[in-house]
2 protein chains.
Amino acid sequence: MAVRTRSPERREDALSRERIVAAAVELLDDAGESGLTFRALAARLRTGPGAIYWHVANKSELLIAATDAVLIPATVPGVAGETPRDAIRAVALGVFDAIDVHPWAGTQLSRTPAQPALLRIFERVGRQVQALGVPAAGQFTAASAVLHYILGVAQQNAALARSQEPGTDRTAVLEAAAAVWSGLDAEEYPFTRGVADQLRDHDDREQFLAGIDLILTGMSGPR
Amino acid sequence: MAVRTRSPERREDALSRERIVAAAVELLDDAGESGLTFRALAARLRTGPGAIYWHVANKSELLIAATDAVLIPATVPGVAGETPRDAIRAVALGVFDAIDVHPWAGTQLSRTPAQPALLRIFERVGRQVQALGVPAAGQFTAASAVLHYILGVAQQNAALARSQEPGTDRTAVLEAAAAVWSGLDAEEYPFTRGVADQLRDHDDREQFLAGIDLILTGMSGPR
DNA sequence: ACCTGAACACCGTTCAAGT
DNA sequence: ACCTGAACACCGTTCAAGT
């Protein structure tokens with residue numbers, strides 16, 4: 001006797017919140033932030049723009065969900081036995097790498113104060129600051145400093161990526177920025193011109209970590 | 001004999017780049033980022049939307065100019081005899097205060113890599129890092145860390161302000177954020193919940209400076 | 001319950017026509 | 001040289017109508 005399945009077999013191409021968010025991530029990666037429109041998204045999902053609104057309230061919610069999705073790997077629980085310092089570095093690098101692959105997420109991450117990914121990052125950093133032995137009164141300041149630094153870099157990398165074609169690799173992006181710096185007025189911008197070459201050659205991932213270390217060192221107080 | 005003036009008396013209400021940028025700043029302050037449209041701007045200037053394009057290339061250029069305008073006070077040359085540390089704190093505070101008054105500028109500041117205000121801030125910070133005696137190899141990293149931290153805070157304050165009505169004062173904005181944090185799940189967000197009260201009461205300007213100090217302390221190396 | 005797609009109320013930007 | 005405002009090619013979002 002044939003048994004009726006409780007939940008009927010879903011059509012392969014049935015719409016769902018997950019499929020919509022996944023398609024949005026693809027579209028953002030391929031075409032950049034301006035590429036995500038409900039019409040383009042609907043075309044990719046072989047439906048009309050109105051259908052998307054059955055599963056997602058509006059574009060803002062869609063962007064929050066897409067950002068959250070690509071930042072999940074950055075906020076997975078850390079390895080057991082990790083030092084607080086390594087844990088903070090791991091979260092920071094996770095965010096950095098996610099934004100390297102999905103530059104648009106760097107902009108979105110700090111656009112909405114209630115972005116869940118942002119809260120997860122802050123919580124993780126905060127706990128590690130606690131574990132580091134920072135006095136209670138200084139924990140909020142220390143965790144905020146790390147968070148804001150991460151957000152600043154994320155934002156900056158997103159802006160840099162936006163100034164080039166989507167998919168341009170990081171060395172080409174840095175090269176373009178270095179060219180601008182090198183062309184600045186020598187009288188007015190001696191420092192910036194002076195470091196233009198470093199911008200061209202440097203490992204920005206390495207420098208990002210060095211900045212984290214600067215803050216972590218600062219937390220242990222003046223020598 | 002009547003003398004012809006070389007440049008004819010300008011009509012009081014003649015359009016100019018300066019008047020357009022000033023009106024854009026007003027509109028952004030009054031109505032937020034979504035309030036700046038060419039139609040609304042044209043109405044305020046008692047002209048048609050097309051007229052604006054004679055003086056400004058497009059909306060992006062207008063936003064860059066508006067952001068630049070409100071950040072001029074933050075990048076004026078410092079007081080003579082100032083220590084490098086005080087000079088860095090002064091620039092940072094200047095940016096912080098400008099964004100307090102014009103939250104939209106916090107978003108714009110890091111949206112375009114070639115935003116002139118951003119370059120001026122970086123140059124100023126960089127020179128002071130140099131004056132602080134940071135070894136050449138570490139100057140770029142140190143200046144970048146300070147810049148990114150400032151941008152992160154600017155962005156975050158802009159996002160917070162955007163979540164409320166334009167013109168809402170800072171304590172009300174912080175109160176709203178604290179309410180969200182207090183409502184978080186106790187199991188998942190112990191740290192964030194724990195600092196919610198500090199968010200409500202704290203002087204965020206003070207905390208911003210404390211973060212700057214953390215980085216400055218870190219620059220002088222581990223104790 | 002879920003999807004369709006035309007329609008609405010906007011945008012930024014262009015451009016022929018005016019002064 | 002500068003301004004006007006209608007028109008173009010888009011948007012996000014809604015909603016009556018379908019299945």
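This one's a predicted model, so the numbers in the text were calculated from it and none came from an experiment. For the numbers below, each heavy atom of this structure counts, side chains included, while hydrogens, waters and symmetry mates do not. Letters go in sequence order (proteins before strands), and every chain restarts at 1.
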Salt bridge or not for B:Arg120 and B:Asp68, using N-O below 4.0 Å? yes

Can you tell me the distance, in whole Å, between the CG atom of B:Leu45 and the C1' atom of D:dC3? 13 Å

Tell me the interatomic distance from B:Ile52, atom CD1, to C:dT14, atom P, rounded to whole angstroms. 13 Å

First of A:Arg46 and B:Pro49 reached from the 5' end of DNA chain C, by closest nucleotide: A:Arg46

Sub-4.5 Å side-chain heavy-atom contact between B:Val129 and B:Ile88: yes

So does B:Leu63 get a backbone contact from the side chain of B:Gln108, meaning a donor-acceptor N/O pair under 3.5 Å? no

Let me know the distance between OH of A:Tyr53 and P of D:dT13, rounded to the nearest Å. 4 Å

NA contact type, A:Leu41, heavy-atom cut-off 4.0 Å: base, sugar-phosphate, or nothing? nothing

To the nearest Å, give me how far apart CG (A:Asn58) and P (D:dG12) are. 11 Å

Applying the 3.5 Å cut-off to both distances, the Watson-Crick or G-U partner of D:dG5 turns out to be C:dC15

I need the CD-P distance between A:Glu33 and D:dG12, as an integer number of Å. 13 Å

Between D:dC11 (C1') and B:Arg39 (CZ): distance, integer Å: 12 Å

Of the options D:dC11, C:dT13, D:dC3, whose atoms approach the side-chain atoms of A:Thr37 most closely? D:dC11

Atom-pair distance (CD1 on B:Ile20; P on D:dC2), nearest Å: 11 Å

Look at all strands and tell whether B:Leu62 reaches a base, only sugar-phosphate, or nothing, counting heavy atoms closer than 4.0 Å. nothing

B:Trp54 side chain near D:dC2 phosphate (N/O to OP1/OP2, under 4.0 Å): yes

Applying the 3.5 Å cut-off to both distances, the Watson-Crick or G-U partner of C:dC10 turns out to be none

Within the 3.5 Å criterion, strictly below it, is a donor on A:Trp181 or A:Asp197 matched to an acceptor on the partner's side chain? no

B:Phe191 ring center near A:Phe122 ring center (under 6.0 Å): yes

Can you measure A:Leu15 atom CG to C:dC2 atom C1' for me and round it to whole angstrom units? 9 Å

